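The sequence lines fix the lettering, A, B, ..., with proteins before strands; numbering per chain opens at 1. Remember, predicted model here, so these are calculated numbers, not experimental data.
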Amino acid sequence: MSVTRRQYPFDLIEPKWQEHWERHESFRAWNPGDTIPRQHPFAQRHAPGKTLPPKYYILDMFPYPSGAGLHVGHPEGYTATDILARYKRALGLNVLHPMGWDAFGLPAEQYAIRTGQHPRKTTEENIANFKRQIKSLGFSYDWHREIDTTDPAYLRWTQWIFLQLYNSWFNPRTNQAEPIATLACPPEMKTETDKRTYRASKRLAYVSEMPVWWCEQLGTVLANEEVTDGMSEVGGYPAVRKPMRQWMLRITAYAERLLHDLETIDWSHSLKEMQRNWIGRSEGAEIAFKVCRAGSAENTDYFINVFTTRPDTLYGATYMVLAPEHKLVDQISTPEHREVVRQYRALTASKSDLERTELAKEKTGVFTGAHAINPLNGEQIPIWIADYVLLSYGTGAIMAVPAHDARDLEFAQKFHVPIRQVVQAPGGEESIGFLGEGTSVNSGFMTGLPTAEAKKKIISWLEEQGCGRKTINYKLRDWLFSRQRYWGEPFPIIWKNGHHEVVPETDLPVLPPALSDFKPTASGEPPLARAKEWVNLPGGATRETNTMPQWAGSCWYYLRFLDPRNEEIFCGRDAEAYWMGVSKSSPSSGLLSATADKAPSGVDLYIGGTEHAVLHLLYARFWHKVLFDLGHVSTAEPFFKLVNQGLILGEDGQKMSKARGNVVNPDDMIRDYGADSLRLYEMFLGPLEMVKPWNTAGVEGPYRFLGRVWRLLVDEQSETAFEQGLAAEPKKGPELLEKIKLTSAIKDVEPSAPQLKAIHACIKKVTEDLEGLRFNTAISALMIFVNEAMTWKMKPVSVLRDFLILLQPFAPHLAEELFDKLNLQSAIPLPYLPWPVHNPALLVEATLEIPVQINGKVRDRIVVPATATSQELEEAALACEKIKSLIEGKTIKKIIVVPKTLVNIALA
RNA sequence: GCGCGCGUGGCGAAAUGGCAGACGCGCCAGACUUAGGAUCUGGUCCCGUAAGGGGUGGGAGUUCAAGUCUCCCCGCGCGCACCA
């Protein structure tokens with residue numbers, strides 16, 4: 001490829017300016033209290049020593065540095081944020097735009113297992129490659145703030161935050177996390193052991209026995225998705241559910257706040273919806289059913305609690321179902337049913353969650369022989385177990401109302417359980433199988449009430465009787481936080497005589513031990529358990545050998561960027577207050593975005609893919625709220641505005657993947673067209689948030705546009721000389737580049753009215769589009785300007801200067817090169833020059849062409865002075881010959897005049 | 001099944017309820033040129049020689065006026081999915 005003549009010498013221009021920015025630390029962001037060197041570009045615009053201008057924190061989702069390197073999807077979001085970062089800098093804001101590496105993770109570890117190379121080594125290589133690629137795109141990151149989650153200086157604070165979680169409990173009275181020391185133990189707890197156990201049960205980080213899939217042959221735990229029919233996907237070995245000691249984080253305590261606070265942040269509707277869905281709040285009631293003891297020798301009373309969103313249908317409950325794993329199954333099953341129950345439970349246990357929830361599966365289940373008493377009418381109803389009831393949701397037991405629940409209906413029909421209608425559907429709809437709200441029937445004191453009323457009434461009745469209460473249930477579960485992996489943060493925890501204790505803060509970081517074998521051990525213990533001398537501490541204590549999941553490092557990285565080299569604290573208080581605090585919009589400029597006017601807090605703009613819609617974004621919000629409660633950060637939410645860039649598909653319209661062979665490598669694009677063209681094309685492709693297919697041929701458009709910009713300013717003859725010189729001595733490129741002169745058509749003269757109009761129209765459109773994140777139409781406005789300016793015989797310097805400021809965020813290398821050649825002796829370097837402001841007066845037209853419609857169809861046009869009144873417009877329209885002939889003999893019903901826009905004549 | 005989003009030229013796409021198709025790709029014609037896969041100029045929604053007519057997935061509605069608002073249907077994408 002790449003035999004065509006280059007549009008302009010981007011291959012010389014781009015490295016030159018990248019090196020320039022690096023040498024001058026052009027994009028270094030300054031913290032309060034920093035001494036800003038006088039010669040730094042920032043100081044040329046913002047006098048050092050004075051208070052910093054308002055901040056703007058614009059963040060990318062930092063990448064996992066995989067071995068595959070960047071694909072063209074990465075630079076989509078990165079280019080968008082870079083354009084905005086450069087734009088906000090030009091507006092005079094102090095911009096924080098950092099980049100780092102989310103470098104713990106499974107691929108590095110698996111690669112290590114296969115090749116015996118230490119993950120540290122491959123991670124370092126991958127980071128170096130990612131960094132080279134990202135730098136070759138000319139992004140204005142502050143590389144002083146680069147962070148790496150695997151760096152001991154970073155993971156130390158990840159561990160520190162874990163300790164904050166560990167040392168806290170959630171106080172439901174204050175609805176926030178508080179230090180564990182404030183937790184009063186119940187008076188009956190006398191011994192230290194009791195108290196410790198009680199506190200352990202309340203901590204935000206706690207230990208729990210959890211069943212996980214364990215595969216003996218592979219020597220590792222497997223995810224649910226990796227197990228089919230009790231066999232491992234890989235290799236087909238048997239896998240068993242094995243309870244293992246796991247660390248959990250009490251995210252469920254924050255369910256309500258995580259849900260509610262979504263209303264305070266500016267995220268897309270669909271993203272918020274996904275989080276709401278994940279949290280899965282539903283209002284209903286918990287109802288206790290007493291298990292019949294008729295014929296039983298035991299004295300114990302058993303109660304089964306169910307959760308229902310439809311307590312109003314209690315009269316319609318004709319049976320109950322427990323999840324097969326429910327604790328009470330063994331106790332309540334009658335002797336003659338024990339064997340079938342045992343068999344059914346064994347069958348269920350061998351299935352993966354995936355299989356159990358498979359669609360279109362026939363309902364299965366067995367009768368336990370036991371009955372429960374409906375608290376409302378004393379009726380005895382059979383208790384079944386069935387795998388359509390999940391232990392993990394609600395109470396793991398349901399009251400089945402087949403008449404008004406699709407699943408219960410299916411089950412009841414299959415097993416011939418009675419079906420009793422208790423809700424009348426509105427509008428004569430079929431009532432059996434009706435799931436909506438209607439009117440209660442056959443329901444005692446609820447009969448005749450609409451569903452909402454019936455719910456209230458039954459709940460207060462249940463509460464009076466003491467056999468039920470109103471509850472809110474969440475789908476959200478506590479976060480399983482431990483992994484049996486090597487390449488992750490070790491827990492800062494030690495075990496003594498069966499209880500856990502923290503590693504003192506002063507002993508952080510706890511670094512992973514040196515290992516040569518990263519595989520899990522045969523016993524199911526994490527690989528860290530192999531490092532005996534690391535695990536065993538003096539006095540019989542041992543280290544926790546699980547590690548944290550990959551999410552840990554990304555839960556707080558945006559905070560470390562604020563103060564990345566601080567060794568005293570995870571993030572300095574002043575830095576946090578400045579960058580995360582409410583930004584004060586400058587009153588002098590109307591150009592600050594609407595978000596600034598709405599007084600946002602936290603990260604001002606966060607751009608990244610939808611793949612993190614729930615996991616990362618929910619986990620990070622959770623950690624942030626804990627830090628907020630404990631007084632370590634000043635905002636309740638971390639990311640004020642969040643935008644998801646749309647996926648870029650391959651040329652075939654399919655998702656880019658190695659297997660399909662449709663991956664486009666940015667390196668190739670940069671080699672053939674340059675970074676500026678790639679940046680421009682990525683943004684020109686379509687709206688940022690839309691999914692859109694890549695088309696390499698399409699890069700030609702922006703590439704030619706940049707070629708036109710080059711030719712708009714450069715002298716043809718000196719360029720020919722450059723080309724010839726380069727052909728003769730290719731090594732002298734950089735030197736020859738400096739000799740290229742600008743065209744003599746560029747003069748320091750007053751622009752003409754049309755020239756002013758062209759540039760001011762461009763300023764207006766580009767500015768408005770940047771505020772609205774409409775990069776594609778902003779670029780189109782730049783193209784329109786250049787297309788017109790190409791026809792000018794004389795090119796005023798001031799107009800080109802303004803244009804280059806507008807171009808700089810999009811194509812920074814070319815803009816810098818041409819700006820440099822303009823030789824304006826500007827004290828302020830291009831990236832810090834004030835953004836131009838358009839003058840509306842210059843855009844006013846003297847005359848307007850106004851369409852004249854009849855019944856909404858354009859029939860003619862009139863040219864009128866821009867000042868024409870509605871009356872004059874109407875008269876001019878009616879005076880047209882064409883219009884006259886068309887309305888001849890017809891009755892005019894109405895004439896609509898939209899000033900400066902159109903005239904529409906409605907005929908009867 | 002439920003929720004959300006989207007359907008506009010050959011393609012990527014524009015369009016505060018007010019002239020549909022800006023800008024770009026591709027294509028066609030021409031200019032310059034030894035040459036063109038560089039550049040420049042013109043053209044390019046459909047039917048029609050034209051006048052004119054039709055046109056934003058389909059159907060209805062609101063409106064002087066609908067790609068845009070409302071309802072129904074069809075298609076595509078994403079998310080959740082036995083969530084009680």
Side-chain angles (χ1 to χ4, degrees), chain A residues 3-7 268-278 280-282 284 306-310 313 321 323 356-361 363 386-390 392-401 404-408 410-411 435 473-476 610 613-614 644 646-647 649 653 680-681 684-687 689-705 707-708 711 716 765 774 776-784 786-787 790-791 849-861 892-898 900-907:
Chain A
V3 271
T4 58
R5 185 176 174 277
R6 280 192 319 266
Q7 287 278 347
S268 76
H269 179 79
S270 69
L271 192 57
K272 286 187 184 182
E273 206 53 38
M274 278 158 89
Q275 291 223 341
R276 285 195 193 104
N277 211 317
W278 188 264
R281 180 186 199 272
S282 46
V306 303
F307 174 74
T308 177
T309 54
R310 293 297 298 270
T313 62
V321 185
R356 274 186 62 173
T357 57
E358 212 177 311
L359 255 184
K361 200 184 61 133
K363 292 273 178 291
D387 68 359
Y388 81 93
V389 172
L390 308 172
S392 51
Y393 184 78
T395 59
I398 62 162
M399 64 177 210
V401 184
H404 306 292
D405 182 285
R407 298 147 302 177
D408 297 345
E410 198 196 325
F411 188 89
L435 314 176
N473 193 59
Y474 298 93
K475 250 173 18 178
L476 185 70
T610 359
V614 256
N644 285 128
L647 204 63
L649 305 173
L680 229 43
Y681 178 63
F684 191 58
L685 214 47
E689 297 181 63
M690 202 170 269
V691 177
K692 38 203 179 278
W694 181 265
N695 174 17
T696 293
V699 187
E700 288 285 349
Y703 180 52
R704 282 179 206 158
F705 160 70
R708 280 201 299 282
R711 293 193 298 277
E716 214 180 313
K765 179 74 175 148
R774 293 180 297 270
N776 54 334
T777 49
I779 292 167
S780 132
L782 293 170
M783 288 172 167
I784 290 168
V786 170
N787 289 347
M790 289 297 277
T791 67
E849 196 191 64
I850 303 286
V852 181
Q853 298 180 334
I854 293 178
N855 288 339
K857 301 242 178 248
V858 180
R859 295 300 170 178
D860 205 357
R861 286 154 209 282
I892 296 175
K893 203 163 69 180
K894 199 172 178 184
I895 298 180
I896 291 91
V897 180
V898 185
K900 293 181 194 292
T901 309
L902 118 169
V903 177
N904 187 16
I905 301 164
L907 296 179

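Residues A/Arg774 and A/Asn776 are in side-chain contact: their nearest non-hydrogen atoms beyond the backbone lie under 4.5 Å apart. Within the 4.5 Å cutoff, no side-chain heavy atoms of A/Asp405 are placed close to those of A/Ile398.
With hydrogens and angles ignored, a donor-acceptor pair closer than 3.5 Å exists between the side chain of A/Asn904 and the base of B/C64.
Across B/A84, B/U39, B/C19, the shortest atom-to-atom separation from the side chain of A/Arg711 is found for B/U39. For A/Arg708, counting side-chain heavy atoms from C-beta on, the closest listed nucleotide (B/G5, B/A84, B/G24) is B/G24. The listed nucleotides are B/C23, B/A13, B/C19; the one nearest the side chain of A/Arg861 is B/C19. Each of B/C82, B/A22, B/G24 was ranked by its minimum atom distance to the side chain of A/Pro702; first place goes to B/G24. The side chain of A/Asn277 has B/C80 as its nearest neighbour among B/G12, B/C80, B/C4. Listed candidates were B/A13, B/A14, B/G18. Nearest to the side chain of A/Val898 is B/G18. Comparing B/A84, B/A13, B/C19 by their closest approach to the side chain of A/Phe307 singles out B/A84. Listed nucleotides B/G18, B/C23, B/A84 differ in distance to A/Thr308; the shortest reach to its side chain belongs to B/A84.
A straight line from CG of A/Asn695 to C1' of B/G10 spans 12 Å, rounded to a whole angstrom. Rounded to an integer number of Å, the gap from CE of A/Met790 to P of B/C23 is 16 Å. Atom CG of A/Leu685 and atom C1' of B/C23 are 13 Å apart (whole Å). Remark: P of B/C25 and CD1 of A/Ile779 are 13 Å apart, rounded to the nearest angstrom. Distance CE (A/Met274) to P (B/G3): 16 Å, rounded to an integer number of Å. Here B/C82 presents its P atom at 23 Å from NE2 of A/His404, a figure rounded to the nearest Å. Regarding A/Gln853, its CD atom lies at a distance of 9 Å from the P atom of B/A66, rounded to whole Å. When the C1' atom of B/G12 is taken as reference, atom CZ of A/Arg774 falls 19 Å away, rounded to whole Å.
Using a 4.0 Å heavy-atom criterion, one finds that A/Leu902 contacts the bases of the nucleic acid, with or without backbone contacts as well. Among the protein residues, A/Lys893 comes within range of no part of the nucleic acid, since none of its heavy atoms lies under 4.0 Å from any strand. As judged by a 4.0 angstrom heavy-atom cut-off over every strand, A/Ile896 is placed among the base-contacting residues. Among the heavy atoms of the strands lying under 4.0 Å from A/Val858 are primed sugar atoms or P, OP1, OP2 only; no base atom is included. Among the atoms of the strands shown, none is found under 4.0 Å from any heavy atom of A/Asn473.
Listed here is the closest heavy atom pair of A/Met790 and A/Arg708: SD-O, 3.5 Å.
Both A/Glu273 and A/Ala906 sit near RNA chain B, but only A/Glu273 has its closest nucleotide nearer the 5' end. Where A/Asp408 and A/Arg859 meet RNA chain B, the nucleotide closest to each residue was compared, and A/Arg859 sits on the side nearer the 5' end.
Not one N or O on the side chain of A/Thr610 forms a donor-acceptor pair closer than 3.5 Å with the backbone of A/Ala613. Remark: the backbone N or O of A/Ser282 is not paired with any side-chain donor or acceptor of A/Asn473 at under 3.5 angstrom. The main-chain N or O of A/Lys363 is never found under 3.5 Å from a side-chain atom of A/Tyr388 such that the two would form a donor-acceptor pair.
Atom CG of A/Leu782 sits about 5.0 Å away from atom CZ of A/Phe705, to the nearest 0.5 Å.
For the OP1/OP2 pair of B/G24 and a distance below 4.0 Å, the side-chain nitrogens and oxygens of A/Asn787 include at least one atom meeting the criterion. For A/Gln275 and B/G79, the shortest distance from a side-chain N or O to OP1 or OP2 is not below 4.0 Å. Distances shown here put a side-chain N or O of A/Asn776 below 4.0 Å from the OP1 or OP2 atom of B/A14. Within the structure, a side-chain polar atom (N or O) of A/Arg704 is placed less than 4.0 Å from OP1 or OP2 of B/C25.
A gap of 24 Å separates the P atoms of B/G36 and B/G43, to the nearest Å. One P atom belongs to B/G26, the other to B/G77, and the distance between them is 29 Å to the nearest Å. Atom name P, nucleotides B/G57 and B/A15: the rounded distance is 16 Å, in whole Å.
B/C82: no Watson-Crick or G-U partner with both key distances under 3.5 Å is found in any strand. Applying the Watson-Crick and G-U wobble criteria (two distances, each under 3.5 Å), B/C19 pairs with nothing in any strand. When Watson-Crick and G-U wobble pairs are counted only if both distances are under 3.5 Å, B/C40 pairs with B/G30.
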